[in-house]
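Below: one structure, written as structure tokens.
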Amino acid sequence: GLAWFDEDGRLVLEQLLLESPSDERALLALLEERVENASALVSFNGKSFDWPLLESRAVMNQWPSLPRRPHLDLLHVGRRLHKARLGGCRLIHLEAHVLGWERGDDDIPGIEIAPRYGHFLRTGDVEALRAVVDHNAWDVVTMAALVGLYGEPIDLLHPLDLLGAAQTARRAKAFDQARELADASRERGGGLDALRVLAHVEKARGDRARALLDFEELSRQIDDPQVRLELVKLYEHHTRDYESALRVLEQGTGEDDAAISKRKTRLETRQTRSNGSPRRR
């Protein structure tokens with residue numbers, strides 16, 4: 001299944017069907033032409049599955065390598081934005097919970113497509129492929145809709161999806177954008193999940209004072225060893241409040257016994273030295 005927007009902005013949908021495996025070189029020739037005319041490729045799991053499969057078919061048919069183009073795989077975008085909220089990020093999940101539509105009971109599972117095509121090759125039963133054609137059309141149209149959605153202002157996303165965007169921005173070291181997204185999520189009801197992401201973003205930005213306040217607020221509302229570990233680190237290295245660090249350490253930080261013992265010894269040593277000299281801030 002292929003699609004592109006024509007000069008008038010209309011979506012053109014095309015499906016290529018092999019009536020016989022002997023026609024595969026013709027399919028590759030047409031596909032090569034389509035890719036040659038494209039400025040970029042968009043797929044769903046295409047980087048890991050579809051494109052390598054097509055390249056292997058080109059090798060098997062002694063066909064030149066297909067043209068290289070920038071490739072946006074929407075599966076990776078979907079996982080980064082929606083996984084925390086949806087768990088699974090299959091295309092039908094994004095349709096239902098992100099785009100807001102469902103295909104209905106007539107849609108066939110993807111696992112049935114290969115057996116139906118095999119049946120068609122053996123019997124010539126075209127009707128067996130009708131549901132496959134419809135399924136493929138939905139897949140391609142959904143990808144076009146997702147590209148449209150992801151091109152809209154990002155703050156239109158669900159509050160929990162904003163957290164996925166914030167975490168992605170943080171990994172890309174776009175800290176100011178990450179903070180804006182996390183703040184927007186919190187204001188729109190992202191709750192403690194938003195506060196957690198915001199705390200990590202503040203720490204990554206270097207605003208350890210703000211991060212400390214956020215982690216302290218989290219620790220008052222949830223019982224989480226990872227939050228306490230972040231607090232211990234901030235108390236030790238930012239405020240040098242070794243007494244508070246030791247107190248939080250005793251509540252458990254999720255580390256193994258050896259790491260806890262080493263950390264406790266270091267904190268006690270620093271506390272002793274600090275008590276013998278003017279308090280540094």
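We count residues from 1, following the sequence as given.
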Could you grab the distance from atom [atom1] of [X] to atom [atom2] of [Y], nearest 0.5 Å is fine?
| X | Y | atom1 | atom2 | answer |
| --- | --- | --- | --- | --- |
| Leu246 | Arg266 | CG | CZ | 10.5 Å |
| Leu267 | Tyr235 | CG | OH | 12.5 Å |
| Gln226 | Leu218 | CD | CG | 12.5 Å |
| Ser185 | Asp193 | OG | CG | 8.0 Å |
| Arg196 | Ile222 | CZ | CD1 | 4.0 Å |
| Met60 | Leu53 | CE | CG | 11.0 Å |

Under a 4.0 Å N-O cut-off, is there an ion pair linking [X] with [Y]?
| X | Y | value |
| --- | --- | --- |
| Asp223 | Arg228 | yes |
| Asp176 | Arg205 | yes |
| Glu236 | Lys233 | no |

With distance as the sole test, does [X] use its side chain to make a donor-acceptor pair with the main-chain N or O of [Y] at under 3.5 Å?
| X | Y | answer |
| --- | --- | --- |
| Gln15 | Val133 | yes |
| Asp23 | Ala26 | no |
| Ser219 | Glu216 | yes |
| Thr265 | Ser261 | yes |
| Arg208 | Leu234 | no |
| Tyr242 | Arg273 | no |
| Ser274 | Arg270 | no |

Identify whether [X] and [Y] are in the same connected component of the hydrophobic contact network (ILVMFWY, side-chain heavy atoms under 4.5 Å).
| X | Y | value |
| --- | --- | --- |
| Val77 | Val197 | no |
| Val201 | Leu212 | no |
| Leu72 | Phe49 | no |
| Leu213 | Leu231 | no |
| Trp63 | Leu54 | no |

For Arg210 and Arg179, run side chain to side chain contact (heavy atoms under 4.5 Å, CB included): C-alpha distance rounded to whole Å, both residues' side-chain angles, the deciding distance at 0.1 Å, then the answer. CA-CA 12 Å; Arg210 173 71 180 272; Arg179 180 181 177 179; 2.8 Å; yes

Salt bridge (Lys or Arg N to Asp or Glu O under 4.0 Å) involving Glu32 - partner list, sequence neighbours excluded: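 By the salt bridge (Lys or Arg N to Asp or Glu O under 4.0 Å) rule, Glu32 matches no residue at all.
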
Summary of salt bridge (charged side-chain N to carboxylate O under 4.0 Å, His left out) pairs that have at least one residue in residues 134-151, sequence neighbours excluded: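 Residue pairs passing salt bridge (charged side-chain N to carboxylate O under 4.0 Å, His left out), neighbours aside: Arg103-Asp139.
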
Should we count [atom1] of [X] as having more than 12 external heavy atoms under 6.0 Å?
| X | atom1 | result |
| --- | --- | --- |
| Asp6 | CG | yes |
| Arg171 | CZ | yes |
| Arg90 | CZ | no |

Residue among Leu16, Asn136, Leu30, Val12 satisfying side chain to side chain contact (heavy atoms under 4.5 Å, CB included) with Leu2: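 The side chain to side chain contact (heavy atoms under 4.5 Å, CB included) with Leu2 is passed solely by Leu16 among Leu16, Asn136, Leu30, Val12.
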
Pairs satisfying side chain to side chain donor-acceptor pair (under 3.5 Å), at least one member in residues 72-82, at least two apart: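 Found His82-Tyr150, His82-Asp161.
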
Go through Trp4 and Asn37 one step at a time and tell me if the side chain to side chain contact (heavy atoms under 4.5 Å, CB included) criterion holds. CA-CA 10 Å; Trp4 60 91; Asn37 292 330; over 6 Å; no

Would you sort out whether Leu249 and Glu255 count as a side chain to side chain contact (heavy atoms under 4.5 Å, CB included), showing the intermediate values? CA-CA 10 Å; Leu249 183 66; Glu255 300 171 285; 4.2 Å; yes

Trp101 vs Trp138 aromatic rings, parallel, tilted or perpendicular, using cut-offs 30° and 60°?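 Taking Trp138 first and then Trp101, their aromatic rings sit tilted (interplane angle of 30° to 60°).
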
Could you go through Thr253 and Ile260, starting from their C-alpha distance and side-chain angles, then the distance that decides it, and tell me whether this counts as side chain to side chain contact (heavy atoms under 4.5 Å, CB included)? CA-CA 8 Å; Thr253 56; Ile260 290 176; 4.1 Å; yes

